[in-house]
Amino acid sequence: MKLYRAKDYKDMSRKAANIISAQVIMKPDCVLGLATGSTPIGIYQQLIDWYNKGDLDFSETKSVNLDEYKGLPRDNDQSYYYFMYNNLFKHVNINLDNTNVPNGMEPDSDKECQRYEKVIADLGGVDLQLLGLGHNGHIGFNEPDEAFGTITHCVDLTQSTIEANKRFFASIDDVPKQAYTMGIKTIMQAKKILLVVSGADKAEALYKTVCGPVTPQVPGSILQLHNNVVVVADEAALSKITL
Ligand code: GLP
């Protein structure tokens, strides 16, 4: 695990965007694993900026997203497809046919999860997986549990995640209670992983992820066992870690 200290959110976003852009430049037809949440927004803005300046070309790039709320259609403004479309896809020249997000409208969980695993396998796996970190140490929507969830599966969201995400919905009752997410095994099969973390409210989760025991109670802690993980975090998020 390599840990890079960024001064603040903007610096974190630029450093992480540099890593993603290096991936796209070195392998234009790479498979990017993408993430939602507030943390990656600055990264996507930076990538869009470099695309507009002619420094980046996504025409051959493929993407797979980590997760999607079950029950939300793509055009719902809280769906993760909608997020990706509006925060990245529509601003760059990625071919939408090459972008993949779990289908939240497929009611048959087994069917959708198997389909999504096959999509990833058929693409040859993920070259670079971008991850944010939940306050409880979750990655994707892999919540703290008795065991690590393996492949893409349907999860019941924890109360803390529902609480954290209610800010985007009209009321807490509107927050979906389930989601489809890549599993821990799916994530760990990515060739490279880029974890981005910002803010003092994530300091405890980042400390447990990086320095704590590897345990399904802190899903992100499994990343300690991956051989190619880069963490870019700002000073506030790193405040509990002595480098
Ligand atoms: C959601 C997403 C995660 C994300 C997390 C943190 O639960 N499923 O992929 O990492 O939120 O989000 P934020 O970056 O907004 O704190």
Side-chain angles (χ1 to χ4, degrees), residues 6 8-10 12-13 16-17 20 32-46 63-72 76-84 86-88 100-102 104 113 116 126 128-145 148-149 152-169 172 174-184 186-188 190 193-210 218-223 229-234 236-238:
D8 50 24
Y9 178 76
K10 194 163 177 232
M12 180 208 74
S13 302
I20 295 172
L32 294 179
L34 298 176
T36 55
S38 316
T39 314
I41 291 177
I43 299 173
Y44 296 146
Q45 286 171 351
Q46 183 63 74
S63 73
V64 282
N65 259 79
L66 277 170
D67 46 15
E68 178 61 282
Y69 288 116
K70 186 173 178 183
L72 291 193
N76 183 298
D77 63 4
Q78 293 310 325
S79 80
Y80 284 171
Y81 181 88
Y82 190 97
F83 174 100
M84 289 311 305
N86 286 288
N87 285 292
L88 182 65
N100 297 279
V101 180
C113 295
Y116 206 63
V126 174
L128 176 62
Q129 177 66 56
L130 175 63
L131 293 178
L133 188 66
H135 290 100
N136 56 9
H138 75 224
I139 49 176
F141 266 135
N142 290 277
E143 298 280 33
D145 209 339
F148 289 110
T152 303
H153 58 293
C154 179
V155 285
D156 295 327
L157 301 177
T158 62
Q159 199 53 36
S160 93
T161 299
I162 292 170
E163 285 285 339
N165 290 351
K166 74 174 183 203
R167 66 191 195 274
F168 301 114
F169 291 84
I172 193 161
D174 295 324
V175 186
K177 307 292 179 287
Q178 289 188 311
Y180 291 134
T181 183
M182 280 188 199
I184 292 293
T186 327
I187 293 171
M188 289 292 279
I193 293 177
L194 170 59
L195 175 70
V196 289
V197 193
S198 170
D201 56 321
K202 296 281 178 73
E204 184 71 25
L206 181 59
Y207 174 80
K208 288 181 177 165
T209 295
V210 173
V218 183
S221 64
I222 192 86
L223 299 175
V229 178
V230 170
V231 182
V232 182
D234 63 16
L238 285 166

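The residues of the chain are indexed from 1 along the displayed sequence. Both counts, for ligands and for their atoms, begin at 1 and track the order of listing.
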Indicate the atoms forming the closest heavy-atom contact of Tyr80 with Asn165, along with that distance.
OH-ND2, 4.0 Å

Looking at Glu143 and Thr158, would you say the former's side chain and the latter's main chain have a donor-acceptor pair under 3.5 Å?
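Looks like yes, one N/O pair under 3.5 Å.
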
Is a side-chain donor-acceptor pair under 3.5 Å present for Thr161 with His138?
yes

Residues which pass side chain to side chain contact (heavy atoms under 4.5 Å, CB included) with Cys154, listed by chain and number, not counting sequence neighbours:
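Counting only residues at least two positions away or on another chain, Cys154 forms a side chain to side chain contact (heavy atoms under 4.5 Å, CB included) with Lys70, Ser109, Gln178, Tyr180.
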
Please state whether the rings of Tyr69 and Phe141 are parallel, tilted or perpendicular, taking 30° and 60° as the class boundaries.
tilted

Do other residues, nucleotides or ligands put more than 12 heavy atoms under 6.0 Å from the CZ atom of Phe148?
yes

Give the protein residues with at least one non-hydrogen atom closer than 4.0 Å to an atom of ligand 1, ordered by chain and number.
Gly37, Ser38, Thr39, Asp67, Tyr80, Gly132, Leu133, His138, Gly140, Phe141, Asn165, Arg167, Lys202

